[in-house]
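For reference, the structure discussed in these notes is given below.
Letters A, B, ... mirror the listed sequences (proteins, then strands); counts begin at 1.
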Protein chains: 2
Amino acid sequence: MRAQTTAEIKAIALKHLSEGGPDAVSLRAIGREMGMSGSAIYSYFDTRDALITTLINDIYTSLLDQVESARDAVPPDDIAGRIVAWGQAVRLWSLSNPQGFRLIYGDPVAGYHAPTGGPAPEAAKRACLGLTELAAAAWPRAKATQAFIEHQWSDFSPGLADTVREHFPDLPPAAVALALRMWGRMHGLIALEVYGHLGTQTGDPAKLYHAELLDLLRSLGLQVEHVRHPGTPRASA
Amino acid sequence: MRAQTTAEIKAIALKHLSEGGPDAVSLRAIGREMGMSGSAIYSYFDTRDALITTLINDIYTSLLDQVESARDAVPPDDIAGRIVAWGQAVRLWSLSNPQGFRLIYGDPVAGYHAPTGGPAPEAAKRACLGLTELAAAAWPRAKATQAFIEHQWSDFSPGLADTVREHFPDLPPAAVALALRMWGRMHGLIALEVYGHLGTQTGDPAKLYHAELLDLLRSLGLQVEHVRHPGTPRASA
DNA sequence: TTCTAACTCAGAACGGCGTTCAGACTTTGT
DNA sequence: ACAAAGTCTGAACGCCGTTCTGAGTTAGAA
């Protein structure tokens with residue numbers, strides 16, 4: 001069965017990725033492990049970049065599955081809790097799948113470039129929409145402190161901007177900018193931690209990241225009293 | 001002259017890096033361009049990783065030269081201006097040297113690992129100390145809003161922690177944590193922009209980043225009235 | 001000056017990689 | 001029964017880092 005062989009290729013590629021990083025994903029090595037010739041893979045993927053692209057899609061999707069499920073475990077009216085749950089889920093997934101994080105957000109591999117003309121991947125849309133939803137929910141209160149943001153719809157990448165505008169037709173552009181800044185704020189500490197720039201201790205970055213999330217909530221004018229300490233993974237009551 | 005040949009190797013390596021990314025730095029290609037055999041490079045660098053390491057040091061140093069000089073162009077009592085100058089300088093350097101940014105903060109190259117046991121590179125110390133100095137200057141006012149941070153000296157990576165403690169013996173650990181969070185906040189949006197996750201428009205990320213810096217100042221309890229609009233590169237009056 | 005040690009380079013070689021191609025083999029549809 | 005499509009092998013090309021052998025040169029000591 002063709003689908004099964006394709007799945008096996010992807011599974012072995014994922015294993016090599018998590019064990020040795022993006023550069024360890026080699027068609028010859030995959031074929032070797034499957035008892036096939038390296039060139040046989042070309043019956044299933046046009047090129048190595050095509051395999052990498054599907055890996056990125058799969059991994060990005062798994063990240064968003066986990067993040068959205070963590071967010072949805074918190075009641076919709078607990079905006080602060082949903083934001084913290086989202087942020088903690090992103091970090092925990094990234095620490096559990098550092099190579100996946102590198103593949104999505106870092107240099108995927110030598111000379112790889114995503115299909116620029118094509119539509120934005122589904123997972124990227126979900127990430128953008130999820131963050132925008134959080135920002136939109138927080139916007140009524142955040143407006144007071146974040147009013148200095150000036151932004152326009154036209155500033156955004158066309159594909160994602162259309163998707164966001166379709167889902168949130170009445171949202172002020174400043175709220176979308178807020179979503180991107182929330183993204184950046186979560187991404188910064190996680191990237192530094194994943195790439196080993198925050199030192200070697202394990203407990204410390206968790207405290208640091210939790211403090212950052214609390215400060216983010218404060219920026220949005222949200223209450224923080226009922227948010228749990230980072231000792232527990234799920235960070236909202 | 002040995003030093004001159006070494007410098008030429010580094011120069012060509014830097015050129016290949018900026019043109020084709022970290023994977024374009026190949027010993028054979030460098031030798032080809034110098035009219036030498038590929039193996040001749042081994043008289044000057046023990047291995048390719050050694051060359052990459054010196055490139056990282058050089059590039060990191062150039063980043064900190066630029067950032068420190070931008071910071072020092074602002075009077076020491078203008079703390080907000082110095083923070084914004086630092087942040088804007090980091091972003092402008094990163095956009096001018098995207099491949100350098102990837103080399104320092106991303107996956108440098110296949111299977112590369114920095115000498116873990118050795119002392120922290122000089123440039124990393126300067127980055128850490130510079131940010132800590134800014135955080136220390138802002139701490140008297142930031143204390144009021146950032147008091148929820150709990151942190152301990154022992155949490156940090158030994159090498160850098162010793163250096164920081166040596167320069168700022170009386171600084172509360174929470175201020176060091178604040179410095180790391182400032183770093184993460186700047187790094188997040190810059191990394192997303194350098195790696196192309198913020199869309200293709202050019203004007204937008206600048207506004208976004210400037211808004212983030214303003215919000216950072218607000219988090220620190222600093223005045224923001226006299227900070228210029230991002231249209232001008234140097235962002236403090 | 002002569003001898004020796006160190007340094008610098010070329011070139012072949014090994015194993016790894018992505019990719020292409022010709023050919024053999026199997027499966028499927030008619 | 002025959003043709004078309006798909007699947008796989010193995011060789012080949014050019015790229016890479018790295019190692020090794022062996023020339024050629026340089027510099028210092030006897």
Side-chain angles (χ1 to χ4, degrees), chain A residues 1-57 99 102-103 106-115, chain B residues 1-57 99 102-103 106-115:
Chain A
M1 219 46 165
R2 183 164 220 279
Q4 187 173 345
T5 308
T6 304
E8 188 180 352
I9 292 174
K10 280 160 60 173
I12 296 181
L14 276 176
K15 197 187 69 174
H16 288 183
L17 172 72
S18 66
E19 287 171 355
D23 299 280
V25 180
S26 109
L27 299 185
R28 287 179 127 118
I30 294 172
R32 208 178 302 135
E33 190 157 333
M34 295 176 65
M36 288 197 327
S37 170
S39 55
I41 315 278
Y42 285 84
S43 296
Y44 302 92
F45 294 94
D46 283 348
T47 179
R48 180 170 174 256
D49 277 13
L51 172 59
I52 297 286
T53 299
T54 72
L55 287 186
I56 291 179
N57 284 335
Q99 304 299 345
R102 292 170 187 231
L103 197 63
D107 297 300
V109 75
Y112 173 83
H113 279 306
Chain B
M1 218 48 165
R2 185 164 218 279
Q4 186 173 347
T5 307
T6 305
E8 188 180 354
I9 292 175
K10 280 161 59 174
I12 295 181
L14 276 175
K15 198 187 68 173
H16 288 184
L17 172 72
S18 65
E19 287 171 357
D23 299 279
V25 180
S26 109
L27 299 185
R28 286 180 128 118
I30 294 172
R32 208 178 303 136
E33 190 157 331
M34 294 177 66
M36 286 197 328
S37 169
S39 56
I41 315 278
Y42 285 83
S43 296
Y44 302 92
F45 294 94
D46 282 348
T47 180
R48 181 170 173 256
D49 277 12
L51 171 59
I52 297 286
T53 299
T54 72
L55 287 186
I56 291 178
N57 284 334
Q99 305 299 348
R102 291 170 187 232
L103 197 63
D107 296 300
V109 76
Y112 174 84
H113 278 306

Open item on the list: Is there a side-chain contact between B:Arg32 and the phosphate of D:dC16, meaning an N or O under 4.0 Å from OP1 or OP2?
Closed with: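 It does, given that an N or O in the side chain of B:Arg32 lies less than 4.0 Å from OP1 or OP2 of D:dC16.
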TODO: Report yes if at least one side-chain N or O of A:Tyr42 is closer than 4.0 Å to OP1 or OP2 of C:dG18; otherwise report no.
DONE: no
Tell me the interatomic distance from [X], atom [atom1], to [N], atom [atom2], rounded to whole angstroms.
| X | N | atom1 | atom2 | result |
| --- | --- | --- | --- | --- |
| B:Glu33 | D:dC16 | CD | P | 12 Å |
| B:Asp23 | C:dC17 | CG | P | 15 Å |
| A:Leu51 | C:dG18 | CG | C1' | 12 Å |
| A:Arg2 | C:dT28 | CZ | P | 14 Å |
| A:Leu27 | D:dT7 | CG | P | 16 Å |
| B:Met1 | C:dT8 | CE | C1' | 15 Å |
| B:Ile41 | C:dC9 | CD1 | C1' | 11 Å |
| B:Ile9 | C:dT8 | CD1 | P | 10 Å |

Open item on the list: Can you tell me whether the side chain of B:Arg28 and the base of D:dG17 have a donor-acceptor pair closer than 3.5 Å?
Closed with: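 By the distance-only test, yes, there is a pair.
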- [ ] Please confirm whether any donor atom in the side chain of A:Ser39 sits under 3.5 Å from an acceptor in the base of D:dG10, or the reverse.
- [x]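 Check passes, donor-acceptor contact within cut-off.
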- [ ] Check every atom of C:dC17, C:dG18, D:dC8 against the side chain of A:Ala29 and return the nucleotide holding the closest atom.
- [x] C:dC17
Open item on the list: Nearest to the A:Met36 side chain among D:dG17, C:dC9, D:dC8, which nucleotide is it?
Closed with: D:dC8
Open item on the list: Would you say that more than 12 heavy atoms from the other residues, nucleotides or ligands in this model lie under 6.0 Å from the CD of B:Glu19, or not?
Closed with: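 Counting neighbours around CD of B:Glu19, more than 12 heavy atoms of other residues, nucleotides or ligands fall under 6.0 Å, so yes.
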Describe the nucleic acid contact of [X] in one word from base, sugar-phosphate, nothing, applying a heavy-atom distance below 4.0 Å.
| X | answer |
| --- | --- |
| B:Ser37 | base |
| B:Gly35 | sugar-phosphate |
| A:Phe45 | nothing |
| A:Ala40 | base |

Heavy-atom pair with the smallest gap, counting every atom of [X] and [Y]:
| X | Y | answer |
| --- | --- | --- |
| A:Arg48 | A:Asp23 | NH2-CA, 4.3 Å |
| B:Tyr42 | B:Thr47 | CE2-CA, 4.2 Å |
| B:Leu17 | B:Gln99 | O-CG, 3.3 Å |

- [ ] May I ask you to test the A:Ile52-A:Leu103 pair for a side-chain heavy-atom distance under 4.5 Å?
- [x]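 Sidechains of A:Leu103 and A:Ile52: in contact.
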